[in-house]
Chemist: 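Dumping the structure here so I can ask a few things about it.
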Amino acid sequence: MTSPAPPPAAPIGIFDSGVGGLSVLRDLRALLPHEDLLYLADSRYAPYGPKGDAFIRERSFAIVDFLLAQGVKAIVVACNTATAAAIADLRERYNLPLVGVEPAVKPAAALSLRGIVGVLATSGTIASDKFIRLQDRFTAQVHILTRACPGLVELIEAPRFDAVAITSLLQEFTAPLREAHADVLVLGCTHYSLIHDLIQNVMGANVRIIDAGLAVARETRRRLEERDALTTSTHEGTLRFFTSGDPEAQQHLLARYWGVDAEVTTF
Ligand code: DGL
């Protein structure tokens with residue numbers, strides 16, 4: 001038996017292992033200002049990067065079940081690692097629009113003048129079949145250099161923002177990309193977009209840095225449009241935050257990366 005689709009006024013659910021998906025939320029909020037949005041950070045289990053597909057799939061199922069119970073009409077998996085590990089299974093199991101995020105290799109290949117593209121992502125994303133297939137589609141066109149960034153998500157999620165420690169990790173991780181003169185850098189983990197300016201400083205002003213946030217927001221709008229499921233409201237959409245971790249710690253991170261003192265509910 002299939003249950004009736006939620007009404008167009010229903011919210012859109014967005015999740016990530018932590019605060020990284022806020023970079024996608026920013027683009028969703030800008031493109032769909034009237035939609036109600038629910039953001040869930042699976043902070044208790046972050047980082048996902050080194051966790052393995054089976055674990056991430058289980059977490060994704062639990063989160064989607066929770067968001068469905070909140071009445072969402074669509075879900076954005078605002079995490080490259082979870083998209084690579086779980087989106088196919090999620091689409092098989094659930095009947096609602098599920099939009100994932102993957103490293104923006106295609107636009108990077110089109111943008112690169114030198115034909116050398118760097119990709120920063122988690123080890124899980126880089127090792128995934130999904131990413132390997134994506135990369136294979138463009139290797140005839142451009143040289144793609146990938147680099148996993150262990151420890152970076154932890155620093156972005158840390159209670160104290162340590163720009164010096166982050167910069168020093170970035171210097172190490174991007175060295176091979178800078179030496180190869182990559183002229184486009186893909187941020188293949190949604191967390192990294194939150195420290196875009198530090199990455200730009202390390203890479204230098206001549207390197208174009210791109211992510212997939214806007215593409216995800218556009219795809220979300222397209223998927224809702226084709227189902228006639230966009231809200232008809234003309235008011236500013238609401239925004240609610242959930243975490244599987246410590247709500248106070250989450251509040252602190254939201255103040256840092258979203259600029260608000262928001263209420264956070266435990267999931
Ligand atoms: N923000 C996530 C991504 O886009 C995952 C980071 C992590 O938890 O390791 O890949």
Side-chain angles (χ1 to χ4, degrees), residues 13-28 39-60 62-64 75-88 90 98-105 108 118-132 134-135 146-159 161 166 169-170 173 185-196 198-199 209-217 219-220 241-246 249-250 253-254 256-258 267:
I14 298 112
F15 77 91
D16 177 46
S17 63
V19 286
L22 294 175
S23 61
V24 177
L25 188 70
R26 189 177 51 207
D27 290 310
L28 282 165
Y39 184 88
L40 189 148
D42 198 18
S43 326
R44 180 196 283 246
Y45 301 98
Y48 278 178
K51 293 273 166 36
D53 288 2
F55 180 82
I56 296 168
R57 266 195 297 269
E58 283 317 308
R59 290 308 305 152
S60 302
I63 292 165
V64 169
I75 291 178
V76 177
V77 183
C79 174
N80 293 266
T81 315
T83 300
I87 196 94
L90 289 172
L98 278 149
V99 181
V101 57
E102 64 179 11
V105 173
V119 180
L120 299 180
T122 67
S123 50
T125 298
I126 290 175
S128 69
D129 292 344
K130 199 170 185 335
F131 180 69
I132 291 168
L134 173 69
Q135 214 179 335
T146 59
R147 187 67 171 91
C149 306
L152 191 53
V153 165
E154 287 89 329
L155 283 182
I156 294 168
E157 297 264 340
F161 188 77
I166 292 177
L169 261 195
L170 286 172
F173 294 144
L185 178 66
V186 176
L187 303 184
C189 166
T190 53
H191 277 78
Y192 306 163
S193 300
L194 300 176
I195 53 161
H196 176 281
L198 292 182
I199 299 174
I209 298 180
I210 61 171
D211 67 22
L214 186 57
V216 170
E219 175 66 5
T220 307
F241 294 98
F242 296 87
T243 182
S244 59
D246 172 17
Q250 193 61 25
L253 289 173
L254 284 172
R256 182 192 301 161
Y257 294 116
W258 195 254
F267 144 64

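As the structure is a computational prediction, the values presented were derived from the model and not from experiment. Every number for a ligand or one of its atoms is a count from 1 in the order of the listing.
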Chemist: Any idea which heavy atoms bring Phe173 and Ala148 closest together, and the distance?
Modeler: CD2-O, 3.8 Å

Chemist: State, without any angle test, whether Thr146 and Gln135 hold a side-chain donor-acceptor pair at a distance under 3.5 Å.
Modeler: no

Chemist: Give the residue, atom name and distance (to 0.1 Å) of the protein heavy atom nearest atom 7 (C) of ligand 1.
Modeler: Tyr48 N, 3.3 Å

Chemist: Relative to the heavy atoms of Ser17, which atoms of ligand 1 are at a distance of less than 4.0 Å?
Modeler: 5 (C), 6 (C), 7 (C), 8 (O)

Chemist: Compare every heavy atom of Val153 with every heavy atom of Cys189, then report the nearest pair and how far apart it is.
Modeler: SG-CG2, 4.0 Å

Chemist: Quick one: which ligand 1 atoms are inside 4.0 Å of a heavy atom on His191?
Modeler: 1 (N), 2 (C), 6 (C)

Chemist: For atom 3 (C) of ligand 1, what is the closest protein heavy atom, and at what distance to 0.1 Å?
Modeler: Asn80 N, 3.3 Å

Chemist: Could you point out which residue of Ser244, Ser60, Cys79 forms a side-chain contact (heavy atoms from CB on, under 4.5 Å) with Phe15?
Modeler: Ser60

Chemist: Looking only at protein heavy atoms, which one is nearest to atom 9 (O) of ligand 1, and what is the separation?
Modeler: Gly49 N, 2.7 Å

Chemist: When you compare the side chains of Thr125 and Asn80, does any donor N or O come within less than 3.5 Å of an acceptor on the partner?
Modeler: no

Chemist: Examine the proximity of ligand 1 to Ala46 and report which part, side chain or backbone, both or neither, has a heavy atom under 4.0 Å away.
Modeler: neither

Chemist: Look at atom 10 (O) of ligand 1 and say which protein heavy atom is nearest, naming residue and atom and giving the distance to 0.1 Å.
Modeler: Thr81 OG1, 2.6 Å

Chemist: Polar contacts were defined as any N/O atom of the residue lying under 3.5 Å from an N/O atom of the ligand; does this apply to Thr190 and ligand 1?
Modeler: yes

Chemist: Out of curiosity, Thr122 OG1 to Leu152 CG, how far, rounded to the nearest 0.5 Å?
Modeler: 11.0 Å

Chemist: Using a strict 4.0 Å cut-off to heavy atoms of Thr122, name the atoms of ligand 1 that fall inside it.
Modeler: 6 (C), 9 (O), 10 (O)

